[in-house]
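Reviewing the structure listed below.
Along the sequence shown, residues are numbered consecutively beginning with 1.
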Amino acid sequence: MTAVLFDFSGTLFRVESTESWLRATLDDAGLRLPAPELAETAEALQRAGALPGGAPPLRVPEELAETWETRDESSQLHRAAYTGLSRQVPLPDPGLHDALYERHMSPGAWSAYPDAAEVLGTLRGRGIAVGVVSNIGWDLRPVFRAHDLDRYVDTYVLSYEHGIRKPDPRLFGVACAALGVEPGRTLMVGDDRRADGGATALGCGVHFVDHLPVAERPAGLRPVLDLVP
């Protein structure tokens, strides 16, 4: 292998809990909810699937179905899909729905998995090219910079910037071309067997990790180092 492509959410980083997300947004707005109401509202937002990178919605409202299906193809669709889901839940101020969306894009909403720096740094030391390929509707580069992982990444290929989303093999092709590597000598690492597994259609190898809370997956990325000697 001469290159490794990584997914973002659930692979290298994990988003904060829904309750933490809601609490931080309320704090920024100078608002407070009693603890029971905070927990209840966070649970409702989680059921709605309103937190990008969090649990998927239990049900997508019919009026959002088309937007939801194509949400990763543009920043406008991504915002519309997730704020549409959050608006299924009553909040103290209507402006909080957009504020919640803004919060999830901030570096503070994300934690790197404990072994991410070690694995990325080791790959860099071995001369392996590294790319990030993500289905997403916003620029995640500031998250990598804030967590000091940007120095290990050679290219970012984000669905909304290309109007293509995984599992379409063309998105992985863009990454391989940017790195100047052959797909057959490239490994894709991700947590979604359908989306990230699309790399196999291009000839890439694939390796899957579990999308778990950070504390429950301290060394889930380390097997990658055995696959890329």
Using every non-hydrogen atom in the two residues, find where [X] and [Y] come nearest and quote the distance to one decimal.
{"X": "N135", "Y": "A195", "result": "ND2-CB, 4.3 Å"}
{"X": "M1", "Y": "V228", "result": "CB-CG1, 3.9 Å"}
{"X": "W21", "Y": "L100", "result": "NE1-O, 2.9 Å"}
{"X": "P92", "Y": "L33", "result": "CG-CD2, 3.8 Å"}
{"X": "P183", "Y": "C176", "result": "CA-SG, 4.0 Å"}
{"X": "A81", "Y": "W68", "result": "CB-CE3, 4.1 Å"}

Donor-acceptor pair, distance only, cut-off 3.5 Å: does the side chain of [X] make one with the backbone of [Y]?
{"X": "R217", "Y": "V209", "answer": "no"}
{"X": "R126", "Y": "L225", "answer": "yes"}
{"X": "H147", "Y": "P107", "answer": "yes"}
{"X": "Y160", "Y": "L77", "answer": "no"}
{"X": "D154", "Y": "A129", "answer": "no"}
{"X": "S159", "Y": "I136", "answer": "yes"}
{"X": "T200", "Y": "G197", "answer": "yes"}
{"X": "R124", "Y": "R151", "answer": "yes"}
{"X": "S106", "Y": "E102", "answer": "no"}

Rounded to the nearest 0.5 Å, what separation is found between the [atom1] atom of [X] and the [atom2] atom of [Y]?
{"X": "E73", "Y": "D168", "atom1": "CD", "atom2": "CG", "value": "9.0 Å"}
{"X": "L12", "Y": "D191", "atom1": "CG", "atom2": "CG", "value": "10.0 Å"}
{"X": "E19", "Y": "E43", "atom1": "CD", "atom2": "CD", "value": "10.0 Å"}

Is the shortest heavy-atom distance from the side chain of [X] to the side chain of [Y] under 4.5 Å?
{"X": "V4", "Y": "V189", "value": "yes"}
{"X": "T11", "Y": "L221", "value": "yes"}
{"X": "F6", "Y": "L123", "value": "yes"}
{"X": "V214", "Y": "E16", "value": "no"}
{"X": "L22", "Y": "T18", "value": "no"}
{"X": "E182", "Y": "T2", "value": "no"}
{"X": "S17", "Y": "Q46", "value": "no"}
{"X": "L51", "Y": "S86", "value": "no"}

For this session: Determine, stepwise, if the pair W138 / R79 fulfils side-chain contact (heavy atoms from CB on, under 4.5 Å).
Result: CA-CA 9 Å; W138 50 277; R79 179 184 287 270; over 6 Å; no
With a 6.0 Å cut-off (strictly less than), is the heavy-atom count around [atom1] of [X], excluding the residue itself, greater than 12?
{"X": "E118", "atom1": "CD", "value": "yes"}
{"X": "R32", "atom1": "CZ", "value": "no"}
{"X": "E62", "atom1": "CD", "value": "no"}

Exercise. Using the ring of each side chain (for Trp, its six-membered ring), is F8 parallel, tilted or perpendicular to F144, with breaks at 30° and 60°?
Worked result: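 Rings of F8 and F144: tilted, 30 to 60°.
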Problem set entry | Plane angle bin for Y82 and H104 - parallel if under 30°, tilted between 30 and 60°, otherwise perpendicular |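 Tilted, since the angle between the ring planes falls between 30° and 60°.
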For this session: Would you sort out whether D7 and K166 count as a salt bridge (Lys or Arg N to Asp or Glu O under 4.0 Å), showing the intermediate values?
Result: CA-CA 10 Å; D7 174 51; K166 300 180 289 186; 3.0 Å; yes
Can you hop from [X] to [Y] via hydrophobic side chains spaced under 4.5 Å?
{"X": "V143", "Y": "V15", "answer": "yes"}
{"X": "L149", "Y": "W110", "answer": "yes"}
{"X": "V206", "Y": "V157", "answer": "yes"}
{"X": "L38", "Y": "L45", "answer": "yes"}
{"X": "L227", "Y": "Y152", "answer": "yes"}

For this session: Give me the one residue out of L26, T25, L96 that meets side chain to side chain contact (heavy atoms under 4.5 Å, CB included) with L91.
Result: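 Among L26, T25, L96, the one that satisfies the side chain to side chain contact (heavy atoms under 4.5 Å, CB included) with L91 is L96.
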Problem set entry | The single option from L5, T186, V174 passing side chain to side chain contact (heavy atoms under 4.5 Å, CB included) against L179 |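 Per the side chain to side chain contact (heavy atoms under 4.5 Å, CB included) rule, the option paired with L179 is L5, out of L5, T186, V174.
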For this session: Using distance alone, with no hydrogens and no angle criterion, decide if T67 and R71 have a side-chain donor and acceptor under 3.5 Å apart.
Result: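 No, R71 and T67 have no side-chain donor paired with an acceptor closer than 3.5 Å.
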Exercise. Could you walk me through whether L140 and Y156 pass the side-chain contact (heavy atoms from CB on, under 4.5 Å) check?
Worked result: CA-CA 9 Å; L140 51 72; Y156 297 89; 3.5 Å; yes
Problem set entry | Audit row: T83, Y101, side-chain contact (heavy atoms from CB on, under 4.5 Å) steps and yes/no | CA-CA 7 Å; T83 56; Y101 187 84; 3.9 Å; yes
For this session: Starting from the C-alpha separation in whole Å, work towards a yes-or-no answer on side-chain contact (heavy atoms from CB on, under 4.5 Å) for Y113 and V119.
Result: CA-CA 10 Å; Y113 280 95; V119 170; over 6 Å; no
For this session: Would you check, one step at a time, whether the test salt bridge (Lys or Arg N to Asp or Glu O under 4.0 Å) holds for R141 with E161?
Result: CA-CA 13 Å; R141 294 172 183 86; E161 292 181 337; 3.1 Å; yes
Exercise. Salt bridge check: are R165 and E69 linked by an N-O gap of less than 4.0 Å?
Worked result: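 Between E69 and R165 there is a salt bridge, with a charged N closer than 4.0 Å to a carboxylate O.
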